[in-house]
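Throughout, a chain's letter reflects where its sequence line sits, starting with A, and its residues are numbered from 1. Hydrogens, waters and symmetry mates are skipped; everything else that's a heavy atom, side chains included, is used.
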Protein chains: 2
Amino acid sequence: MVSPAEDIRVAVDLIVLTLREDALSVLLVQRDDEPHRGAWALPGGFVELQEDLDEAAYRVLADEASLGSGAVHLEQVRTFGAPHRDPRGRVISVAFMALGADLPDPRRGDDVADARWWAIDELAAIDLAFDHADVLACSIERARAKLEYTTLAVTFLPQEFTISQLRGVYESVWGTTLDAGNFHRKATRTEGFLLDLEKHAAPTGGRPARLYAAGPGTSLVPPLLRSGD
Amino acid sequence: MVSPAEDIRVAVDLIVLTLREDALSVLLVQRDDEPHRGAWALPGGFVELQEDLDEAAYRVLADEASLGSGAVHLEQVRTFGAPHRDPRGRVISVAFMALGADLPDPRRGDDVADARWWAIDELAAIDLAFDHADVLACSIERARAKLEYTTLAVTFLPQEFTISQLRGVYESVWGTTLDAGNFHRKATRTEGFLLDLEKHAAPTGGRPARLYAAGPGTSLVPPLLRSGD
DNA sequence: GTAATAGTGTCTGTGAGACAGTATCGT
DNA sequence: ACGATACTGTCTCACAGACACTATTAC
């Protein structure tokens, strides 16, 4: 069977999300080549022949963001393949979302003029390269939705955390405020969500908060809905 | 920029789901070529150079299932790209789920020995080609989950339908039984789900059922959870 | 009338949201 | 003492599930 698609190339694009000072932020790189030279874009790269899709994503994560695979939760979002999304030719891109706690400032990679974290709210002002604004919007909506019915929020936090910090994740990602008391009850009473470490954090001007770690569960039943919006 | 991925080919695979005699069923084709000659597989095909991914999916749908784009709801599921999933070489496949009402029996296409509907429950007995069992399982789980929080169930029904038929969709796809009275109340009182046509179906041995059409809403708030399972 | 299917009412338990109250720290 | 943060109790409303009841057809 002869392939009619020999000139299609396959890439992965990464939407690396973290919380920086309570703001949901994404890692962008400034392009050093045409097309879109000087524009900000999602980190990405072509898939190699002997490499699975998520291996490619991990490789790009290491190359362009100096992040090891242990630091993040990686998840496929969607594949984007409009014929002219890349002016160089036909490129189909598999978008991966990477969520991590307190990720470091990026070091500069190849083909890249600069790399930095952007708060989501800052991005209304700038134009992203290619269709990356769509890809990003799709991923952020996915992340927001998955906080509702999975335990994904803990991936934004260090190994040990307090309920207040966990609530802060929900508030920052959703852009809402939540009732502290009701959230506390809901989080602590949901089976499998949290592991009580039976110790306390250093106090920060009030009663010291109990420390928790991520529990064994991955889904939240019943879900934690952002109903009030 | 030289691509290191010139030999990767991109395909779409289709998971065409419908209800046949109250059984969730999928369209499979029997391969007429190596590899996996004689095995049953999901319909699929390579993406052409000037064609968007969903255009490719619609084309395959027309070629291998004689289904027009109006008849189905098409939705991207996930992309599968393990290096040796296809023994002929590196093939990355974007999986699309197509849901439709009462779809016709397929006519035979090219490269295909046979094509028919299989009830999901029959598939435990047979081995699908490539990684298509994984692809199918992933899609069915997606469909089951989306019935909970979207109005997707109506895509399995004709334009005009009764509440009983709608409940039948949920029962068939989830493999559960639901309380008729509670379901009726829930479905009719969820804003945007249904459009009351203010007429009745021909009776079938009992009180004639009111007819409804799909409403304008796409998401179900609050969701219709398969909690009892 | 009976059987069958459609649709409503009613009760009960669970849980979310509002918000008041208690606990434990620093100063 | 007081302010600040962490938790807990209580009330109310909405809704899911169980299930009894009424409605409208065919026979």
Output yes when [X] and [Y] qualify as a salt bridge under the 4.0 Å nitrogen-oxygen rule, no when they do not.
| X | Y | value |
| --- | --- | --- |
| B:E148 | B:K186 | no |
| B:D121 | B:R20 | no |
| A:R116 | A:E122 | yes |

Expressed as a whole number of angstroms, how long is the span from [X]:[atom1] to [N]:[atom2]?
| X | N | atom1 | atom2 | value |
| --- | --- | --- | --- | --- |
| A:H200 | C:dG26 | NE2 | C1' | 17 Å |
| A:Q165 | D:dT5 | CD | C1' | 13 Å |
| B:K199 | D:dT24 | NZ | P | 20 Å |
| B:K186 | C:dG7 | NZ | P | 18 Å |
| A:H184 | C:dT24 | NE2 | P | 13 Å |
| A:D179 | D:dC11 | CG | C1' | 14 Å |
| B:L178 | D:dG17 | CG | P | 8 Å |
| A:E191 | C:dT14 | CD | P | 15 Å |

Of B:P223 and B:G206, the one whose closest nucleotide on DNA chain D sits nearer the 5' end is B:P223
Between [options], which nucleotide has the shortest distance from any of its atoms to the side chain of [X]?
| X | options | value |
| --- | --- | --- |
| B:R167 | C:dG7, C:dA6, D:dA6 | C:dA6 |
| B:N182 | C:dG15, C:dG26, D:dC19 | D:dC19 |
| B:P208 | D:dT24, C:dA16, C:dT5 | D:dT24 |
| A:R207 | D:dA16, D:dG9, D:dA6 | D:dA6 |

Here the pair of heavy atoms bringing A:S139 nearest to A:I15 is OG-CD1, 3.2 Å
Query raised in the report: Any side-chain heavy atom of B:L28 within less than 4.5 Å of one from B:L123?
Result: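 Yes, at least one pair of side-chain atoms sits under 4.5 Å.
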Any base atoms under 4.0 Å from [X], or only sugar-phosphate, or nothing? Heavy atoms, all strands.
| X | value |
| --- | --- |
| B:R185 | base |
| A:T188 | nothing |
| B:T162 | nothing |

inquiry  = Less than 4.0 angstrom between a side-chain N/O of A:S164 and OP1 or OP2 of D:dA6, yes or no?
reply    = yes
